[in-house]
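Below is one structure; the comments refer to it alone.
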Amino acid sequence: MVKGFRQDRKTIGFVPTMGAFHEGHTSLIKRARKENDIVIASVFVNPSQFGLNEDYKKYPRDIKKDKEKAKKAGCDILFFPDTLSIYPEGYKTYVEVKGLSDVMCGKSRPGHFRGVATVCIKLFNIVMPDIAYFGQKDFQQAVIIKNMVNELNMNLAVKTVPIVREASGLAMSSRNIYLTPKQKENAGLLYRSLKKAEQMIRAGVRSSSKVKSSMKKILGVPGIRIDYIAIVSPGNLSEKSVIDEDALIALAARVGKTRLIDNIVVRLKD
Ligand code: AMP
């Protein structure tokens with residue numbers, strides 16, 4: 001089918017996901033709808049990106065609702081392969097983007113980005129999109145996929161779409177359904193700490209450690225455990241001790257047992 005679209009010179013926009021759609025997912029589909037003739041989204045809870053003690057088994061799955069939401073957002077084809085068709089027994093080929101995969105989320109989730117890169121390259125080879133869309137919410141993931149596509153001379157563009165947030169500022173995530181109301185309230189502090197960082201940088205603070213310690217104060221409540229706070233260059237994720245140009249402020253924290261991530265880019269140019 002995809003070959004037929006390509007022969008007809010139709011452009012294909014592709015949105016890879018793990019399902020349990022929320023407005024973050026549908027914003028990617030809507031963006032793809034605007035920019036392409038055909039929109040394909042995939043739902044695949046990818047076992048190779050979950051660690052042994054992570055939530056692969058209990059990850060939320062609701063393909064019926066996903067189908068409705070995808071259609072409403074303008075998706076033409078929703079692709080939900082089964083695990084064995086992606087990883088047949090004896091599967092052995094993996095892709096790894098070195099360096100970028102070992103920092104930030106890669107430190108606390110060894111092997112995670114190897115799983116992400118592998119499934120993305122497989123999905124790209126199946127769907128053959130012109131443009132693939134990723135959320136800024138998973139900033140590191142988008143940087144890794146862009147590097148992979150570039151270094152492996154793959155024939156597609158990768159675009160990043162802004163983070164969709166709840167009214168409290170909490171970044172939408174399929175994992176938010178794990179949170180109790182109290183935990184949800186605490187989770188709002190993640191974005192508050194990022195906004196504080198932005199405000200400090202805009203006010204002229206250039207020391208990363210000063211910014212980080214203010215963020216730690218905001219996040220220092222019972223029920224939140226910081227995994228990391230990183231201030232890095234958005235292009236190559238290298239750490240910045242002095243914030244002298246555009247910076248990505250990214251964090252991961254456990255709220256109760258749920259691991260959440262969020263980030264903000266502070267642009268200093270213009
Ligand atoms: P997931 O299903 O969590 O793997 O996410 C699928 C895609 O949706 C990824 O590219 C995510 O970055 C993106 N995404 C998830 N949450 C959001 C959000 N709140 N805003 C924008 N994009 C998002």
Side-chain angles (χ1 to χ4, degrees), residues 13-35 39-51 54-56 58-63 65-67 69-70 73-75 78-81 83 86 104-105 109 112-124 127 129 131-149 156-179 184 187-188 190-191 194 234 248 250-252 255 258-265:
F14 176 47
V15 180
T17 81
M18 298 208 298
F21 285 173
H22 49 68
E23 285 164 46
H25 296 113
T26 51
S27 77
L28 299 183
I29 295 175
K30 286 178 186 164
R31 171 80 179 272
R33 176 74 284 158
K34 277 196 197 131
E35 298 179 353
V39 177
I40 303 179
S42 63
V43 170
F44 182 65
V45 183
N46 175 32
S48 73
Q49 72 186 67
F50 285 81
E54 293 183 359
D55 56 344
Y56 173 66
K58 73 163 195 174
Y59 194 84
R61 291 163 170 90
D62 192 341
I63 198 70
K65 275 205 190 125
D66 287 349
K67 278 187 194 170
K69 289 181 187 171
C75 180
L78 189 63
F79 172 48
F80 41 102
T83 312
I86 298 293
M104 296 160 61
C105 285
R109 303 185 73 188
H112 169 68
F113 288 115
R114 176 181 187 255
V116 169
T118 301
V119 82
C120 283
I121 200 167
K122 286 175 70 75
L123 292 169
F124 293 163
V127 173
I131 310 175
Y133 294 85
F134 289 84
Q136 189 196 309
K137 158 114 185 312
D138 299 82
F139 196 101
Q140 186 173 10
Q141 168 173 280
V143 171
I144 288 171
I145 298 302
K146 281 179 184 168
N147 270 265
M148 176 183 82
V149 161
L156 74 150
V158 177
K159 291 196 178 178
T160 312
V161 176
I163 301 177
V164 179
R165 301 180 177 282
E166 299 194 1
S168 67
L170 173 63
M172 292 204 181
S173 162
S174 305
R175 289 189 169 99
N176 289 352
I177 62 158
Y178 299 149
L179 302 171
K184 229 176 173 185
L190 270 56
Y191 185 56
L194 290 167
L248 168 72
L251 60 82
V255 178
T258 306
R259 186 175 182 280
L260 300 175
I261 57 172
D262 201 352
N263 68 76
I264 197 168
V265 176

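The model shown is predicted, which means the values in this text are computed figures rather than measured ones. Read the numbers this way: they start at 1 and go in the same order the structure lists the ligands and their atoms. Numbers here simply count residues along the sequence, with the first being 1.
Remark: the backbone N or O of Q136 is paired with a side-chain donor or acceptor of N263 at under 3.5 angstrom. Counting only distance, with no hydrogens or angles, the side chain of K137 and the backbone of A171 share no donor-acceptor pair below 3.5 Å. A donor-acceptor contact shorter than 3.5 Å is absent between the side chain of T26 and the backbone of F21.
A cation-pi geometry, defined here as NZ or CZ lying under 6.0 Å from the six-membered ring centre and within 45° of its normal, does not hold between K67 and F80. Taking the centre and axis of the six-membered ring of F134, the NZ or CZ atom of R31 falls outside the cone set by 45° and 6.0 Å.
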>> Let's go through C75 and H25 carefully: what are the C-alpha distance in whole Å and the side-chain angles of both, what is the deciding distance for side-chain contact (heavy atoms from CB on, under 4.5 Å) to 0.1 Å, and is it a yes or a no?
In response: CA-CA 11 Å; C75 180; H25 296 113; over 6 Å; no
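At a heavy-atom cutoff of 4.0 Å, ligand 1 is surrounded by P16, T17, M18, G19, H22, G24, H25, L28, Y59, F134, G135, K137, D138, Q141, P162, I163, V164, M172.
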